[in-house]
Amino acid sequence: MSLSVCFIVKNEIEVIARCLSCVKKFADEIIVADTGSTDGTVEEAAKFTDKIFGFEWVDDFSAARNFAFEKATCDFVMWLDADDVVTDENCRKIKELVKKADFDMAFLPYAADFDGDKPTFVYYRERIFRRSKNYRFEGAVHEAVSLRGKIVYGDAQIFHKKVKSNVPLRNLFILQKQIARGICLNEREKFYYGRELLFNGMYRESIAVLENFLSGNGWVENKIEACLNLYRAYKAIGDEKGAVTALLRSFTYAEPRSEACCILGAHFMEKNSVSCAIYWYQRALEGTEDAKGGGFVNLDFCGFIPYIQLCVLYDKLGDYEKANYYNELAGAIKPNDKSYLSNKKYFESKQ
């Protein structure tokens with residue numbers, strides 16, 4: 001079975017060769033849809049493929065991705081971004097997955113944040129599709145493909161290695177243009193619109209949109225994330241009660257997530273309520289986050305953060321043995337972390 005790997009790009013000269021050097025190891029065909037590069041991206045991509053097509057940007061990521069998919073000719077199609085990296089081991093896993101060909105749609109883990117080379121923020125994305133099924137992306141921003149057919153979860157990890165920041169306000173403006181044209185946002189788009197408002201400091205507007213989203217029939221993982229975002233928005237406008245209430249609402253959708261427990265732990269630390277803070281950080285360690293559920297999983301909240309904070313809290317209680325115990329657990333995860341090393345030196349001085 002053959003595989004087409006598809007890109008949409010614009011001014012990616014800093015990363016395009018890095019990515020395509022990986023992709024050529026497992027792709028039978030590389031498709032590049034360029035939306036107006038002026039920095040030599042097209043010329044660099046041409047060193048790896050002759051299937052480069054111009055696409056006029058229309059403020060719609062789905063339109064661009066679907067255009068690239070339409071140019072593919074292989075049995076399976078896969079999408080990547082120009083700043084993604086695939087290690088040799090994961091290249092091999094992708095080749096094996098496609099060779100088996102026992103799926104219509106394959107999800108792969110996407111690592112989007114790192115501690116050195118170690119992924120700390122991971123979630124699954126729909127990544128490879130049987131071309132004959134004619135899958136289509138939907139949504140102008142944060143585009144996605146609806147689930148259908150035989151679905152599998154692979155373990156070939158894609159590393160999202162940014163070297164530059166996102167274009168400020170880009171996604172927000174795209175969504176606002178849709179609203180201005182009279183297009184009604186679906187539940188998923190409402191969630192991302194509220195999140196974009198939050199990221200851009202429009203807190204009251206974000207609260208209005210996210211509260212509206214929670215009153216609808218959106219996906220449960222988006223609702224949990226919306227509660228955490230509402231916490232941050234309410235906190236930003238000085239509404240502590242609204243912030244904590246929003247956070248606790250996340251518990252009505254599923255068992256408490258580690259991130260929410262860590263936020264509550266920090267909340268009680270600020271109030272110098274040590275026992276309550278300890279309780280919530282310990283609950284964070286009991287989290288059962290599974291990235292295959294589709295939600296965002298920040299691994300720091302599942303281990304390192306509660307460990308390092310429990311170290312601080314038990315130190316406040318004068319229980320240096322237990323404090324040192326948690327510090328060593330944190331160090332096992334991040335042995336070069338400054339907090340861990342500083343704490344280690346501190347506990348050595350106590351001996």
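Sequence positions, counted from 1, serve as the residue numbers for this chain.
Across all their heavy atoms, Ala45 and Ile16 have their closest contact at CB-CG1, 4.4 Å. Pairing each heavy atom of Phe67 with each of Gly54, the nearest pair is CZ-O, 3.7 Å. Heavy-atom minimum distance, Asn229 versus Arg195: ND2-CG, 3.5 Å. Pairing each heavy atom of Gly154 with each of Pro109, the nearest pair is O-CD, 3.3 Å. Contact record, Ala330 with Phe304: O-CD1, 3.5 Å, taken as the closest heavy-atom pair. Between Ala106 and Leu97 the shortest heavy-atom distance is CB-CD2, 3.9 Å.
Remark: side-chain polar atoms of Arg130 are paired, donor with acceptor, to backbone N or O of Ala101 under 3.5 angstrom. Between the side chain of Thr49 and the backbone N or O of Ile30 there is at least one donor-acceptor pair closer than 3.5 Å. Under a 3.5 Å cut-off, the side chain of Ser4 and the backbone N or O of Val77 do not form any donor-acceptor pair. Formation of a donor-acceptor pair under 3.5 Å by the Asn222 side chain with backbone atoms of Trp219 is not found in this model. Side-chain atoms of Ser21 come within 3.5 Å of backbone N or O of Ala17 as a donor-acceptor pair. A donor-acceptor distance shorter than 3.5 angstrom exists from the side chain of Thr35 to the backbone of Val9, with no hydrogens or angles considered. Side chain of Ser342 to backbone of Ser339: no donor-acceptor contact under 3.5 angstrom is found. In this structure a side-chain-to-backbone donor-acceptor pair under 3.5 Å is missing from Lys162 to Asp83. When atom types are taken as modelled, the side chain of Asn200 and the backbone of Glu196 share a donor-acceptor pair closer than 3.5 angstrom. The backbone N or O of Leu197 sits nowhere less than 3.5 Å from a side-chain atom of Ser206 that would complete a donor-acceptor pair.
At a threshold of 4.5 Å between non-hydrogen side-chain atoms, the residues Val5 and Ile31 do not count as touching. The side-chain heavy atoms of Met78 and Phe26, taken from C-beta on, include a pair separated by under 4.5 Å. Between Trp79 and Arg65 the shortest side-chain heavy-atom distance falls below 4.5 Å. Looking at heavy atoms from C-beta onward, Ile128 lies in side-chain contact with Phe103 at the 4.5 angstrom threshold. Taking 4.5 Å as the limit, some side-chain heavy atom of Leu80 sits within range of a side-chain heavy atom of Phe7. Taking 4.5 Å as the limit, some side-chain heavy atom of Val122 sits within range of a side-chain heavy atom of Gln157. Asp239 has its side chain out of reach of Ile207: every pair of non-hydrogen atoms, C-beta onward, lies at least 4.5 Å apart. Using a 4.5 Å heavy-atom threshold, the side chains of Leu285 and Tyr307 count as touching.
No continuous path of hydrophobic side-chain contacts links Val141 to Tyr123 [ILVMFWY only; heavy atoms under 4.5 Å]. In terms of hydrophobic clustering, with Ile, Leu, Val, Met, Phe, Trp and Tyr side chains grouped at heavy-atom distances under 4.5 Å, Val85 and Leu108 are assigned to different clusters. Tracing side-chain contacts under 4.5 Å through hydrophobic residues (I, L, V, M, F, W, Y), one never reaches Tyr153 starting from Val297; they form parts of separate clusters. Linking Ile, Leu, Val, Met, Phe, Trp and Tyr residues whenever their side-chain heavy atoms come within less than 4.5 Å leaves Tyr314 and Tyr320 in two separate clusters.
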Report task. For Asn327 and Phe347, run side-chain contact (heavy atoms from CB on, under 4.5 Å): C-alpha distance rounded to whole Å, both residues' side-chain angles, the deciding distance at 0.1 Å, then the answer. Result -> CA-CA 9 Å; Asn327 190 57; Phe347 289 120; 4.0 Å; yes
Query raised in the report: Is there a side-chain contact (heavy atoms from CB on, under 4.5 Å) between Leu230 and Glu211 once you walk through the steps?
Result: CA-CA 8 Å; Leu230 274 170; Glu211 290 285 8; 3.9 Å; yes
**Report entry** Derivation and outcome, side-chain contact (heavy atoms from CB on, under 4.5 Å), residues Glu187 and Phe213
**Finding:** CA-CA 6 Å; Glu187 294 300 315; Phe213 165 73; 3.7 Å; yes
**Report entry** Step-by-step salt bridge (Lys or Arg N to Asp or Glu O under 4.0 Å) determination, Glu29 to Lys71
**Finding:** CA-CA 10 Å; Glu29 177 180 65; Lys71 300 298 182 181; over 6 Å; no
Query - Val32 and Thr41: CA distance, side-chain angles, deciding distance, side-chain contact (heavy atoms from CB on, under 4.5 Å) verdict - result: CA-CA 10 Å; Val32 176; Thr41 293; 5.9 Å; no
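Taking CD of Glu205 as the start and CD of Gln176 as the end, the distance is 9.0 Å to the nearest 0.5 Å. Atom NZ of Lys316 and atom CD1 of Ile278 lie 10.5 Å apart (nearest 0.5 Å). Note: Glu143 CD to Phe137 CZ = 6.0 Å, rounded to the nearest 0.5 Å. For the atom pair Glu44 CD and Ile52 CD1, the distance stands at 10.0 Å (nearest 0.5 Å). To the nearest 0.5 Å, atom OG of residue Ser146 and atom CZ of residue Arg136 are 12.0 Å apart. Taking CG of Asn324 as the start and CG of Leu329 as the end, the distance is 9.5 Å to the nearest 0.5 Å.
Residues Arg283 and Glu286 are paired through a salt bridge, judged by an N-O separation under 4.0 Å between the basic side chain and the carboxylate. Between Lys100 and Glu96 no salt bridge is recorded (no basic side-chain N to carboxylate O distance below 4.0 Å). With respect to the salt-bridge test (charged N to carboxylate O, under 4.0 angstrom), the residues Asp300 and Lys118 do not qualify.
Residues meeting the side-chain hydrogen bond (donor to acceptor under 3.5 Å, both in side chains) test with Glu221, sequence neighbours left out: Arg257. Listed by chain and number, the residues in a ring pair (Phe, Tyr, Trp, His ring centres under 6.0 Å) with His160 are Tyr110 (sequence neighbours excluded).
Annotation: cation-pi pair Lys161/Phe114 present, NZ/CZ under 6.0 Å from the ring centroid and within 45° of its normal. For the pair Lys223 and Tyr253, the NZ or CZ position fails the cation-pi test of under 6.0 Å to the six-membered ring centre and within 45 degrees of the ring normal.
Shown here is Lys164, whose NZ atom has more than 12 heavy atoms of other residues, nucleotides or ligands within 6.0 Å. Taking a 6.0 Å sphere around CD of Glu89, one finds it holds more than 12 heavy atoms contributed by other residues, nucleotides or ligands. The environment of Arg204 atom CZ is sparse: at most 12 non-hydrogen atoms of other residues, nucleotides or ligands sit within 6.0 angstrom. Atom OH of Tyr325 has 12 or fewer neighbouring heavy atoms from other residues, nucleotides or ligands inside a 6.0 Å radius.
With no hydrogens or angles considered, a side-chain donor-acceptor pair links Ser2 and Asp75 at under 3.5 Å. Between Tyr346 and Asp315, the side chains place a donor N or O and an acceptor N or O closer than 3.5 Å (distance only, hydrogens not considered).
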Side-chain donor-acceptor distances from residues 260-276 under 3.5 Å, at least two apart:
| from | atom 1 | to | atom 2 | distance (Å) |
| --- | --- | --- | --- | --- |
| Glu270 | OE1 | Lys235 | NZ | 3.4 |
| Lys271 | NZ | Glu240 | OE2 | 2.9 |

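Between Phe69 and the choices Phe55, Phe129, Phe76, the ring-ring contact (aromatic ring centres under 6.0 Å, His included) rule is met once, by Phe129. Tested against Asp59 for a side chain to side chain donor-acceptor pair (under 3.5 Å), the candidates Gln178, Arg170, Lys177 yield a single pass: Lys177.
Aromatic pair Phe107/Tyr124: centroids not less than 6.0 angstrom apart.
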